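When a ligand or atom number is given, it counts from 1 through the structure's own listing order. Count residues from 1 along the sequence. Bear in mind the structure is a predicted one, so any value in this text is a computation, not a measurement.
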Amino acid sequence: MISFEQARHLIERNIPRLRKKTVKIQHALGFVLAENVRAPIDLPVADNSAMDGFVLRSAETRHARSGKPVSFRIRGDIKAGDKQNRRVKKHEACRIMTGAFIPKGADTVIPKEEAIVKGDSLVIDQCIPAGRHIRYQGEEIARGRKVLDKGSLIHPATVGVLAMLGKDQVTVFDRPKVSLITTGNELVKPGSSLRPGQIYDSNSWMIQSALENMGIPPLRVSRVKDSRGKLGSAADTALKQSDILILMGGVSVGKYDYVKDILKEAGVRKVFWKVSQKPGKPLYFGRKGQTIVFGLPGNPASVFTCFYEYVFPALRRMSGFRGSYPHRELARIRTAVKPDQKKTLFLKAKITINGKGKTVIPLGRQSSHMISSLQDANCFIAIPPSRRTVRKGQRVRVDLLPARNGDL
Ligand code: AMP
Ligand code: MG
């Protein structure tokens, strides 16, 4: 049986090739950039005023003193959007608005709040240096410079930067196409009444939501019985359409656990089955061409844990993200825990970060069929088999769940 680290490594090595596509910037949010973005223009595009005020030639204020002021004729207004074809003449000033381009000849701005205006003249009683309140062409970004890096997430400010550069579209990594299959004769949809032997299907709803949370709604969600035929045809269809197929349930050693068999028949090559971990030991991972396949053991806590420890990082990679996931922390545990000599333990937990540092508490109801305590969880405590003891107050590794899952 392989370890958690080996499993992660094998998945990483089998991440399919990424596809690119071009999207309009209004649809780019949440995608990852598949190109370095260079500035096609200077920013600012031209020297312009940072204030509402007056613009003039600073050299003409050289001899101005409080007892010996210099007057400038105020000649016209320069608004944001006006062409830069005006020239400020000798002993003249223009009214200028924020964002308006600096006219030829002028080189300094006096804010309205500091200006002394008498009739149609501006009175200057001190020497004004050149360059005050001017935003210079190219001072933020010079034309040709790299502004955004391939591999970075497009968030609202990124969209703003793209628009500022005049770009209405951008190349991103396409999101992976995901299909979900849940299997089990016992499963019924929430909302219907339970007959003897039945339970509600929670996994497919939970993982569908987890995918939607990532901005990757699944292509299809199939709910099938433990029947080779039905499972086989659902898997065949999903394999044709998807970059990643996630099956839930039916991957263990039970007589009716058909997932591994039908995947083999469908031409999927097994990369591994079983990881020394709890929950989620019978985790399956395989590959067919450019499609990867996860078989998650059906217990709901196993599904949730395996999704965030294995599937989520794979999906992030497949979406073009570069950084590793989940984010890890070290925190002091608030109760003792008994490590397992053979398995990595994942405990549903809540981490708190405050002035005293980081502490983490394992939550109740840890068994693999229980998920109710996940409502309050924002992380897993991961305890490797190499760990001999975990005493109260000792540091433990914590894998953070994505922010929207908790209040961290
Ligand atoms: P399996 O992996 O199919 O052996 O299932 C392991 C356990 O998880 C069994 O107790 C199943 O009833 C339960 N289970 C499987 N699939 C689901 C599901 N979609 N929702 C809730 N429980 C499930
Ligand atoms: Mg089953």
Derivation and outcome, side chain to side chain donor-acceptor pair (under 3.5 Å), residues S179 and R220
CA-CA 5 Å; S179 294; R220 54 162 64 225; 4.9 Å; no
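Within 4.0 Å of ligand 1, heavy atoms belong to protein residues T182, E186, L187, I199, Y200, D201, S202, N203, G249, G250, D257, P297, G298, N299, P300.
A cation-pi arrangement is found for R175 relative to F31, the charged atom lying closer than 6.0 Å to the ring centre and inside a 45° cone about the ring normal.
A donor-acceptor pair shorter than 3.5 Å cannot be found between the side chains of S209 and E212.
Of the charged side-chain nitrogens involved, none lies within less than 4.0 Å of a carboxylate oxygen, so that K255 and D257 do not count as a salt-bridged pair.
For F4 and F346, the ring centers sit closer than 6.0 Å to each other.
Ring-plane geometry between F312 and Y308 is classed as tilted, the angle between the planes lying from 30 to 60 degrees on a 0 to 90 degree scale.
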